[in-house]
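Inspection log for the structure reproduced underneath, given as structure tokens.
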Number of protein chains: 2
Amino acid sequence: MTERAPNPPRRPRAVDVAAAAEVSTATVSRVFNNPEKVAPAIRDRVLSAARAMGWMPHAAGSALARRRTSIVGAVIPTLDNEIFAAQVGAMQTAFAERGITLLLSCFNYSQDQAFSDVQAMLARGVEGLAIVGESHKPDLFAVIAARAIPYVVTYSHRPDSPHACVGFDNQEAFERLTRRLLDLGHRDFGVIIQPTADNDRVQARLRGIRAALAEQGLAIRPQRLFEGAWSIDFGRRSLRAMLEAAVRSGPRPTAIICGNDHLAIGAVLEAQAMGLRVPEDLSITGFDDLAISRHVAPPLTTLHIDNREIGRLAADYLLARLDGLDPPPPPPLLPDLIERGTTGPAPAA
Amino acid sequence: MTERAPNPPRRPRAVDVAAAAEVSTATVSRVFNNPEKVAPAIRDRVLSAARAMGWMPHAAGSALARRRTSIVGAVIPTLDNEIFAAQVGAMQTAFAERGITLLLSCFNYSQDQAFSDVQAMLARGVEGLAIVGESHKPDLFAVIAARAIPYVVTYSHRPDSPHACVGFDNQEAFERLTRRLLDLGHRDFGVIIQPTADNDRVQARLRGIRAALAEQGLAIRPQRLFEGAWSIDFGRRSLRAMLEAAVRSGPRPTAIICGNDHLAIGAVLEAQAMGLRVPEDLSITGFDDLAISRHVAPPLTTLHIDNREIGRLAADYLLARLDGLDPPPPPPLLPDLIERGTTGPAPAA
DNA sequence: TTGCAAAATGTAAGCGCTTACATACCCCGC
DNA sequence: GCGGGGTATGTAAGCGCTTACATTTTGCAA
């Protein structure tokens with residue numbers, strides 16, 4: 001009388017495959033994890049039974065039994081910046097080759113967010129962690145240490161950092177850049193930079209600029225320092241504000257150092273809109289060497305970072321640690337100073 | 001005599017917390033999953049014991065017991081394109097609010113890769129899937145259907161698609177764009193577009209262009225159609241090749257339709273480098289409205305897509321399905337035609 | 001005080017898999 | 001023909017958690 005309701009399609013389990021292939025679950029498991037340990041005939045039987053019912057080992061079960069999740073986490077500020085997207089893409093590729101799944105967190109430059117994301121990742125059982133930057137809640141590294149899992153800080157590379165780092169020395173890079181501008185005769189600088197709060201990389205960049213200037217007895221005048229969310233727009237607005245102020249009170253800066261290429265591109269555009277020639281009247285530098293940067297007019301002088309390389313190296317380091325090795329973290333990368341069309345000699349006073 | 005080797009720091013388990021708080025593991029679990037069911041005094045005891053030993057429920061164990069993983073997967077071509085990065089970013093935010101972890105796959109426009117990534121995700125127990133585009137191996141959708149998990153196709157929205165879609169009608173969008181160019185008097189078109197193989201969205205765009213042209217009895221001449229990996233460079237090279245060929249044999253095209261903004265930006269740059277005025281001599285259109293597009297000179301005429309909105313809608317749809325609802329997928333989005341500075345009336349012959 | 005329903009807690013059975021160990025089998029040399 | 005060693009398979013004990021159900025405690029009316 002009663003229709004048997006068709007049970008909802010339930011995920012097949014190893015025992016179902018085992019039954020179909022007339023073997024034990026141990027053998028099923030071996031076929032998928034140590035195929036060389038099972039006789040070819042049986043192996044085929046299991047494989048086709050599995051294929052027929054669309055079975056594959058459920059990761060949660062095997063993670064539990066194996067006590068390995070094969071998950072690692074990447075913690076970045078945002079995917080909206082192509083430099084981090086590239087880093088993540090490269091890491092994912094490297095991990096996928098080794099059968100490891102990458103979990104992603106975008107913390108939006110919020111330390112609280114980063115901390116809770118890391119907690120969530122630990123709950124998911126990540127076996128390694130790559131984290132952008134080292135200015136995080138102290139708890140963050142404590143919590144990781146408590147779990148004793150390998151991790152690496154990316155995109156930042158202080159010589160005396162307590163963490164394994166894959167990146168470059170932000171301060172040194174900006175010192176180098178600033179010195180080059182000094183060599184070109186510039187003495188009056190403007191700076192447009194990302195928010196320094198909670199961002200060790202940006203702080204280091206600013207330190208780099210200041211250090212290089214200090215060598216010549218120079219400094220950044222407060223009204224020449226603009227700090228705000230990186231975007232082309234903020235670059236434009238800051239450049240305009242800086243120059244309009246200069247019209248009222250004294251000489252213009254001759255060189256503008258920007259915290260990244262977005263800001264620099266905005267600055268170039270606005271300078272041109274105000275009728276200034278770049279680089280004849282004003283030199284402008286960026287940082288990152290985005291895909292677009294060589295194509296803008298004039299092409300942007302900037303420092304080139306190989307973001308995919310950062311991702312790859314970070315993944316390799318973590319992979320080695322997962323294999324039980326203890327390799328030294330790779331040496332710092334060296335950003336390339338690429339002088340294109342937005343920098344030139346300081347205009348004669 | 002023998003030193004007891006310090007056991008490697010082992011992840012604490014629920015029973016450890018239970019012992020410390022002098023309760024059963026059931027209570028520990030309840031404190032974390034149904035806190036209102038346990039007396040405040042005990043709850044605090046458990047919570048502080050947990051905090052003291054840094055315990056939190058291990059996701060693999062709870063996934064198994066609960067038969068829910070709280071993971072969903074996003075399958076995109078690549079993070080290198082900011083449109084997908086934005087979509088993923090928005091999805092991740094939406095899911096995180098609901099305690100759901102996003103797993104990411106970048107299939108690099110390879111159907112095989114997409115298929116095996118989806119398999120891997122199913123093995124991880126994803127409870128939902130968002131997939132860019134619908135031109136995939138037929139197996140891919142079959143495998144998903146076999147698991148009976150909700151999914152949504154993003155970035156594409158054919159009226160008669162069998163899938164739930166969140167996106168826009170690529171064909172219609174390019175028809176509209178092309179008609180506008182026809183209204184401006186253009187009759188001789190060039191097209192620079194992404195590879196059409198395995199890419200339903202690009203195919204639809206090309207169909208849209210052809211359909212609109214056909215209404216006027218026009219067609220794309222083969223030597224005016226360039227297809228290749230999207231990049232500024234490919235845009236430049238294609239534009240140059242097209243124009244150089246035109247010098248030798250007959251009139252120049254007056255309008256170039258590009259498959260996305262990268263290609264269009266390249267085309268504009270190269271046209272300018274060749275001494276053509278945009279838009280007086282040549283109109284050029286893009287698609288996507290990248291962040292940079294309004295800033296190039298002249299600012300790019302393009303269609304604006306709200307990629308974050310796509311991500312949000314896809315997440316909302318999936319979330320509803322996970323809640324057991326069966327909402328209709330959202331209506332197609334309508335890309336905005338943004339006429340900026342790279343289009344104008346066709347030059348007088 | 002007693003009794004009863006409701007609330008709080010505990011007990012224990014899985015969730016789906018892997019793997020140490022036990023068992024069965026096979027092949028050979030003597 | 002027998003024993004030994006190697007190989008192929010099976011048995012069953014967890015991995016860390018949740019939750020149905022059983023048990024105990026509590027609050028309160030009579």
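We name chains A, B, ... by the order of the sequence lines, and we start the count at 1 in each one.
Across A/Asp316, A/Leu313, A/Leu318, a single residue satisfies side chain to side chain contact (heavy atoms under 4.5 Å, CB included) together with A/Val166, and that is A/Leu313.
Taking the charged nitrogens against the carboxylate oxygens, B/Asp323 and B/Arg98 do have a contact shorter than 4.0 Å, which makes a salt bridge.
Here D/dC17 presents its P atom at 12 Å from CG of B/Leu64, a figure rounded to the nearest Å. The interatomic distance linking A/Arg68 (CZ) with C/dT19 (C1') rounds to 15 Å, in whole Å. Going from atom CG of B/Leu122 over to atom P of C/dG16 covers 16 Å, rounded to whole Å. Between A/Asp16 atom CG and C/dC15 atom C1' there is a gap of 13 Å when expressed in whole angstrom units.
The ring pair (Phe, Tyr, Trp, His ring centres under 6.0 Å) test applied to B/Phe32 returns B/Trp55, not counting sequence neighbours.
Nearest-nucleotide assignment on DNA chain D puts the 5′-proximal partner with B/Ser62, out of B/Ser62 and B/Arg30.
Under 3.5 Å, the side chains of A/Thr101 and B/Arg124 contain a donor-acceptor pair of N or O atoms. Of the N and O atoms on the side chains of A/Gln87 and A/Asn307, not one donor lies less than 3.5 Å from an acceptor on the other residue. B/Ser156 and B/Asp200 form a side-chain donor-acceptor contact under 3.5 Å, judged by distance and modelled atom types alone.
Here the nucleotide nearest the side chain of A/Ala65, chosen from D/dC15, C/dT19, C/dA12, is D/dC15. Proximity note for B/His58 (side chain, C-beta onward) versus C/dC15, C/dT18, D/dC17: the nearest is D/dC17. The side chain of A/Thr27 lies closest to D/dG10, out of D/dG10, C/dC17, D/dT18.
Here A/Val23 lies in heavy-atom contact (under 4.0 Å) with sugar-phosphate atoms only.
Contacts between residues 32-50 of chain A and DNA chain C, defined by a heavy-atom separation below 4.0 Å, involve A/Asn33, listed by number.
Between D/dC15 and A/Arg67, no contact under 4.0 Å exists linking OP1 or OP2 to a side-chain N or O.
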